[in-house]
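Working notes, structure below.
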Amino acid sequence: MQAFADQARQEGKRIAVVPTMGYLHEGHLSLIAEARRRADIVVVTIFVNPTQFGPTEDFARYPRDFERDRQRAERAGADALFHPEAEEMYPAGHSTVVDAGPVGGVLEGTIRPTHFRGVTTVVAKLFNITKPHCAIFGQKDAQQAFLIRRMARDLNFGVEIVVAPIVREADGLALSSRNVYLSADERTRATALVRALELAAERVRAGERSAETLRTIMTARLRADAPTAVDYIAFIDPETFGEIGTLRPPAVLIALAVRFGTTRLIDNMRIEIADTHG
Ligand code: PAF
């Protein structure tokens, strides 16, 4: 892979990488299409990265179908697939990691304490292996996208980080490889996440600025669809990823994590806030 990337670079070609854990859905395909628009060579990586899963998480049952992924990625415009074995990525004795910093410890990091260290470490490795000029990630994993952009800046990777919009089903459910875990009934109720976000957006547009009030409204909307648990509803400054109590221009990112049965879903929405002072 490194030799292939070196060759492409020597020929003056621009490389875009789309890092994935496979089981490609329309959301991934939109990232590949975005990469296609931005580069001469599109590399898709498919690697279910063990180091970003906690000991009780779904690593073993995470859906995998390489042959289907290969066909889908090729059809969407990939020039190369990088599909390593875990032993190649993490040879015996590997010990160096990339610490995601304080933002790696909030929200998803509270519930999954080693997750973002696993993500930043594997993405750093994938950047060094695929040598891209730009890399495309999805906004669905907002905290991940923030941390990777921060890592690329802090560690001078020289890789442009592009974050592409969330792709949704017709009823609004954000696409995720984990949606396959939902029972038919849970799948119907799972639209509660996007409905709660839409409701908050409506209230913000009508002038509501209190995160607490919006959280109460969103919790009530979620409860209507009887989730197993609401892990968090967070109001975030998109620039710093810090939580905020009072919404201010130019925008807020509302992120939430909700469980239906054993399936944990995340979603988010950026809402622009009008500057009423002028
Ligand atoms: O978003 C994902 O699928 C993964 O976290 C990533 C970025 C491919 C790293 O394993």
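In this chain, numbering begins with 1 at the start of the sequence shown. Note that ligands are numbered from 1 as they come in the structure, with each ligand's atoms numbered from 1 the same way.
Within the listing of ligand 1, atoms 8 (C) sit less than 4.0 angstrom from a heavy atom of P19. Under a 4.0 Å criterion applied to the non-hydrogen atoms of T20, ligand 1 contributes the atoms 8 (C). Heavy-atom contacts of Q144 reach the following atoms of ligand 1: 1 (O), 2 (C), 4 (C), 5 (O), 7 (C) (cutoff under 4.0 Å). Residue Q52 has at least one heavy-atom neighbour below 4.0 Å for each of these atoms of ligand 1: 4 (C), 5 (O), 9 (C), 10 (O). The contact set between ligand 1 and V122, taken as ligand atoms under 4.0 Å from a residue heavy atom, comprises 9 (C), 10 (O).
D69 places none of its side-chain heavy atoms less than 4.5 Å from the side chain of L81. Counting heavy atoms from C-beta outward, F53 and V48 have side chains that approach closer than 4.5 Å.
Of all protein heavy atoms, the one closest to atom 3 (O) of ligand 1 is M21 CG, 3.5 Å.
For the pair R61 and Y181, the cation-pi criterion (under 6.0 Å, within 45° of the ring axis) is fulfilled.
When the salt bridge (Lys or Arg N to Asp or Glu O under 4.0 Å) test is applied to R270, the partners found at least two apart in sequence or on another chain are E272.
Y62 and N49 are not linked by any side-chain donor-acceptor pair at a separation below 3.5 angstrom, with hydrogens and angles left out of the test.
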